[in-house]
2 protein chains.
Amino acid sequence: MTNQLDIVFGALADPTRRAVVEQLTLGPAAVSALHDGHDMALPTFLKHLKVLEESGLVSSTKKGRVRTVHIEAAPLRVMDDWLKRQKDMWEGRLDRLARLAEALNEEDST
Amino acid sequence: MTNQLDIVFGALADPTRRAVVEQLTLGPAAVSALHDGHDMALPTFLKHLKVLEESGLVSSTKKGRVRTVHIEAAPLRVMDDWLKRQKDMWEGRLDRLARLAEALNEEDST
DNA sequence: AAGACACTTAGCCAGATAGCTAACTTATAG
DNA sequence: CTATAAGTTAGCTATCTGGCTAAGTGTCTT
């Protein structure tokens with residue numbers, strides 16, 4: 001049962017990969033530009049990019065010897081939806097509790 | 001540089017743990033109640049609960065021999081804020097692109 | 001044509017993760 | 001007071017993860 005949320009949450013559970021996503025919200029960038037400022041060997045960094053790409057958070061195209069990487073909004077929305085669903089459930093439950101408390105109060109004053 | 005987002009995203013990158021969070025939005029529950037329906041040994045399941053608790057997504061208290069687990073909203077909000085920040089950046093960029101396109105259009109028709 | 005540039009592939013390693021069983025500790029129920 | 005129920009602790013294993021170096025493949029630049 002490995003669904004997309006596993007992969008997307010997993011992809012973002014790493015500061016290097018989150019930093020890449022953050023940087024890409026400002027616009028597409030080449031692999032080496034993204035790599036600048038990350039203190040790790042290029043092949044290591046490339047693995048991170050691969051994880052991001054496999055998660056769908058990012059896509060890339062190669063032209064000549066340069067690969068350019070772009071952010072993809074869809075997976076962020078999927079996560080956002082999940083979070084919102086939890087929030088709604090949670091708040092729905094709080095509402096029900098509030099109504100219950102009110103009902104008990106009524107009963108109390110009867 | 002291990003920040004809270006690493007840990008929270010990591011905690012949610014597993015279907016068992018997400019299922020627990022989902023279930024807890026409906027209200028607190030005992031360990032064994034949470035364990036029901038998950039096809040894994042109890043000690044394994046307990047490790048998942050520990051990960052959730054260490055991430056702050058969940059807290060628990062023990063009374064007699066029963067441990068009751070509750071959801072905590074704060075870490076969900078932290079994630080939500082991060083997502084929103086990315087969305088804002090992303091959209092800000094799209095706006096700038098749109099304005100740029102417009103400006104180029106102006107120039108074109110001059 | 002030669003060299004530099006921008007990745008890419010292969011392979012190694014240490015530590016973390018997710019699973020298991022077996023054995024232990026309290027608490028409650030009978 | 002013994003048995004059962006609810007967790008807990010300890011320790012083992014297999015796989016995944018994130019890091020590295022070394023060497024390879026195309027694509028410019030000179």
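Computed over heavy atoms, backbone and side chain alike; hydrogens, waters and symmetry mates excluded.
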*Taking only the side-chain nitrogens and oxygens of K62(B), find out if one of them lies under 4.0 Å from OP1 or OP2 of dA6(D).*
no
*When you look at CE of M40(B), are more than 12 heavy atoms from neighbouring residues, nucleotides or ligands closer to it than 6.0 Å?*
yes
*If you take atom types as modelled and just measure distance, does the side chain of R65(A) reach the base of dC5(C) with a donor-acceptor pair under 3.5 Å?*
yes
*Only one of D88(B), D81(B), D80(B) passes side chain to side chain donor-acceptor pair (under 3.5 Å) with K84(B); say which it is.*
D88(B)
*Which atoms form the tightest heavy-atom contact between G56(B) and P75(B), and what is the distance?*
O-CG, 3.3 Å
*Which of these nucleotides, dT8(C), dA6(D), dT8(D), is closest to any side-chain atom of V66(B)?*
dA6(D)
*For T44(B) and dC20(C), is the shortest distance between a side-chain N/O and OP1 or OP2 below 4.0 Å?*
yes
*Nucleotide nearest V31(A) (side chain, heavy atoms from C-beta), chosen from dT8(D), dT21(C), dC7(C)*: dC7(C)
*To the nearest angstrom, how far is H48(B) atom NE2 from dT17(C) atom C1'?*
9 Å
*Rounded to whole angstroms, how far apart are CZ on F45(A) and P on dG18(D)?*
13 Å
*Send over the distance from L49(B) CG to dT9(D) P, rounded to a whole Å.*
13 Å
*Interatomic distance, K63(A) NZ vs dT27(D) P [rounded to whole Å]*: 14 Å
*Do L42(A) and L34(A) belong to the same hydrophobic cluster, where Ile, Leu, Val, Met, Phe, Trp and Tyr are linked whenever their side-chain heavy atoms lie under 4.5 Å apart, directly or via other members?*
yes
_Distance-minimising heavy-atom pair for H38(A) and F45(A)_ = CD2-CE1, 3.6 Å
*Which part of the nucleic acid, if any, lies within contact of S32(B), taking any heavy atom under 4.0 Å across all strands shown: a base, the sugar-phosphate backbone alone, or nothing?*
sugar-phosphate
*asked:* Could you tell me how far apart K47(B) (NZ) and dC12(D) (C1') are, to the nearest whole angstrom?
replied: 10 Å
*asked:* Measure CG/L46(A) against P/dG18(D) and give the value in whole Å, please.
replied: 14 Å
*Whole-Å distance between dT17(C) P and M40(B) CE?*
16 Å
*asked:* Without decimals, in angstroms, what is the distance between R67(A) CZ and dT25(D) C1'?
replied: 13 Å
